[in-house]
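Working notes for the structure below.
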Amino acid sequence: MERLLKLYEHWAGEQPANIAKMEGAGSNREYYRITAIDGSTVVGVVGTSRDENHAFIYLSNHFTSRKLPVPKVIAVSDDQMCYLQTDLGSTSLFDAIAGGRNAGGRYTLSEKELLVRTIRELPNIQIRGARGLDFANCYPQAEFDTNSVLFDLNYFKYCFLKPTGLDFHELKLEANFHLFAKDLTAEKCESFMYRDFQARNVMLDTEGKPMFIDFQGGRKGPYYYDLASFLWQASAKYPNKLRRELVYEYYNSLKHYTEVPSTRHFVQRLSLFVLFRTLQVLGAYGFRGYYEKKKHFVDSIPPAIQNLRELLQLNIFPYPYLMDMLRRLTEMPQFARIEQAAVNRADGFKVAEKNVYKAHPQDGPATFSKYDGSGPLVVRVYSFSYRKGIPDDSSGNGGGYVFDCRSTHNPGRYEPYKKLTGLDEPVIRFLEDDGEITTFLDSVYKLADAHVRRYIQRGFTSLMFCFGCTGGQHRSVYSAQHLGEHIHRKFGVKVEIIHREQGIHFELDAQNGN
C-alpha cells in the first residue's frame with residue numbers, strides 16, 4: 001500500500017484524506033478507495049502480476065479511447081504493479097438484483113430492466129471494443145483456442161468429475177472432449193471475449209447505466225461465451241423465461257454492431273457455449289469447494305448441476321459418450337434434486353400461500369396478490385343495450401366479460417314480441433326453438449365455468465358478465481338470466497342479475513356455505 005500512496009501523492013500533489021480497503025475480486029489484486037481532501041475519490045489497485053496489470057491498463061486505455069463505459073486509468077507506477085483508476089461507485093449489478101437472486105429467481109420489473117440494459121450494452125464492448133485492439137496485450141493469452149478449451153475441460157475432469165467417484169472411460173471421454181473443442185473453435189471471431197462477464201463485474205451509475213470492470217482476462221474470441229457466462233451463472237437463478245427474453249434482447253442489440261447469423265444458427269452455437277461454460281464452472285466449484293473447502297462454492301454446485309440437467313434434456317449435442325457420462329453424473333445420489341421451500345423476498349415481494357396454478361418447476365411459485373383469499377365471490381350478470389353503453393363495474397375491477405348477442409336471431413323484429421322481454425315465455429320459446437342463442441350460450445358456459453372455478457379457488461370477491469344486444473330487451477335479457485341461474489345452480493355462489501334497461505334486479509343468495 002505504501003507504493004500506492006506514493007503514486008497517489010505524485011498524481012494528486014497531496015496526501016489523501018482517507019484510504020480504505022475494498023472487498024476483493026476473484027484475483028489476488030487488492031483494491032483501495034482513496035478519498036481526497038475535497039471529498040472526491042479514486043480507486044487504487046495493487047496487483048501481483050505485472051502482465052495482468054498491463055492487460056487491464058492497455059484494455060482500459062483502448063476502451064476509453066473508444067468511449068466505452070469502463071473506468072479510466074489515471075496514473076500508473078513505473079513497474080506497473082499498481083495504478084489508479086476512476087471510481088465508478090459502490091453499486092454493482094450483483095447487489096442491485098440481490099432481491100430476485102435471494103428469492104430463488106423471482107425478479108421485479110425494475111431488476112429485469114437493469115438486466116436488459118446490461119445485456120444490450122454487452123455487444124458494444126465486444127464488437128466496438130475489438131476494433132483496433134492489439135490482442136497481443138491480452139493476458140494470459142491472446143485468443144480463445146482449442147488448447148484453452150481442452151485445459152478447461154480437463155480442469156472439469158480432474159477437479160470435479162474424478163472427486164465424485166463416477167466411473168468413466170477416460171479415452172472415450174477425451175475423444176469427445178477433442179470433438180467438443182473443435183466445434184467450439186470452428187468459427188473465427190474478431191470480437192472481444194470478456195471472459196469473466198458476470199453481475200459482480202458490472203457497476204451501475206446513478207441512472208442505472210451499466211459500467212464494466214475486471215475485463216483484464218479478456219481475449220479475442222466468440223461473443224457467445226460471454227452471453228452464456230452471464231445468463232447461465234448458477235447462483236443467479238435466472239428463470240428460463242427471463243433467459244429467453246435476455247437472449248432476444250442481446251441478439252437484437254448485436255444487430256446494431258455486426259452482421260448476425262440466423263436465429264437458428266445463433267441458438268445452436270449458444271447452446272454449445274452454455275454446455276462448455278457449465279462444465280467450466282463445475283471445475284472451478286470442484287476445486288474451490290472440494291479441495292479448498294469453501295462453502296460458497298460447495299453451495300453453488302446444486303444449481304449448476306440443475307443447469308446441466310436442463311441442457312441434457314435438449315438432446316442436441318453430438319457427443320454420445322460425454323452426454324451419457326453427464327447424465328449418469330446428474331443421477332448420482334449426492335446430486336439428487338431436493339425441492340426447496342419458496343423464500344419470501346425481504347423487500348415484500350412475496351409468493352402466494354396456495355399453489356392455485358400448476359407451475360413448471362423452473363418457474364417457481366406464483367407471486368402473492370393482495371386480492372387472494374378475500375372471498376366470498378359475488379357474480380354480477382348484466383343485460384344492456386349497446387345504444388346506451390356497456391355497464392360500469394361498481395367493484396372497481398374495471399369490468400369482466402362482455403358478450404355481443406346481436407349475431408343471433410332477434411325476436412324483436414317480429415310484432416308479437418315487441419312488448420315482451422327475454423324473461424317472458426313466448427320469447428324464451430322463440431329463442432330456444434330457433435337454437436342460435438343456445439349454441440351461443442354453450443360456449444359462454446365453458447368460459448364462465450372455468451373463470452368462476454378459478455376465482456373461487458383464489459378467494460376473489462367479484463366477477464362480472466355482461467350481455468348486450470340492440471335494445472337490451474330480448475336476447476341479452478335471456479342470456480344474462482340463464483347464465484346467472486346456471487352459475488348459481490352449479491357453484492352455489494351469490495349471483496346478482498341486473499337487466500339494466502328493464503329496471504329489473506334479481507339476487508340469488510349463496511348456498512352451501514359459499
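Two rings, from Phe160 and Tyr290, have their centers less than 6.0 Å apart. Taking the centre of each ring, Phe297 and Phe287 stay at or above the 6.0 Å mark. For Phe168 and Tyr321, the ring centers are positioned 6.0 Å apart or more.
Judged purely by distance below 3.5 Å, without hydrogens or angles, the side chains of Asp152 and Gln280 pair a donor atom with an acceptor atom. Side-chain N/O atoms of Asn240 and Arg243 include a donor and acceptor closer than 3.5 Å. For the 3.5 Å distance criterion, the side chains of Arg200 and Ser92 fail to qualify, holding no donor opposite an acceptor. Under 3.5 Å, the side chains of Ser49 and Asp51 contain no donor-acceptor pair of N or O atoms.
Of all heavy-atom pairs between Ile34 and Pro16, the closest is CG2-CB, 3.4 Å. Closest heavy-atom contact between Tyr223 and Pro261: OH-CD, 3.5 Å. Closest non-hydrogen pair, Thr185 versus Ala181, comes out as OG1-O, 2.8 Å. Between Ser191 and Gly221, the closest heavy-atom pair is OG-O, 2.6 Å. The two residues Leu114 and Ala96 make their nearest non-hydrogen contact at CD1-CB, 3.7 Å. Nearest heavy atom pair, residue Phe144 against residue Pro222, reads CD2-CD, 3.6 Å.
Taking a cutoff of 4.0 Å between a charged side-chain nitrogen and a carboxylate oxygen, Glu207 and Arg117 do not qualify as a salt bridge.
Evaluated for a ring-ring contact (aromatic ring centres under 6.0 Å, His included) with Phe197, the options Phe212, Phe192, Phe273 yield exactly one hit, Phe212. Tested against Tyr251, the residues Leu246, Val260, Val267 include a single side chain to side chain contact (heavy atoms under 4.5 Å, CB included) partner, Val260.
Note that Arg277 lies outside the cation-pi zone of Tyr224, set by a 6.0 Å cut-off to the ring centre and a 45° limit from the axis.
The closest side-chain heavy-atom distance from Glu143 to Lys188 is below 4.5 Å.
Taking the six-membered ring for Trp and thresholds of 30 and 60 degrees, Phe215 and Tyr194 have ring planes more than 60 degrees apart, a perpendicular arrangement.
Applying the salt bridge (charged side-chain N to carboxylate O under 4.0 Å, His left out) definition to pairs two or more places apart or across chains, those involving residues 219-232 are Glu190-Lys220.
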Stepwise ring-ring contact (aromatic ring centres under 6.0 Å, His included) test for Tyr319 and Phe177: CA-CA 8 Å; Tyr319 318 111; Phe177 276 176; 9.6 Å; no
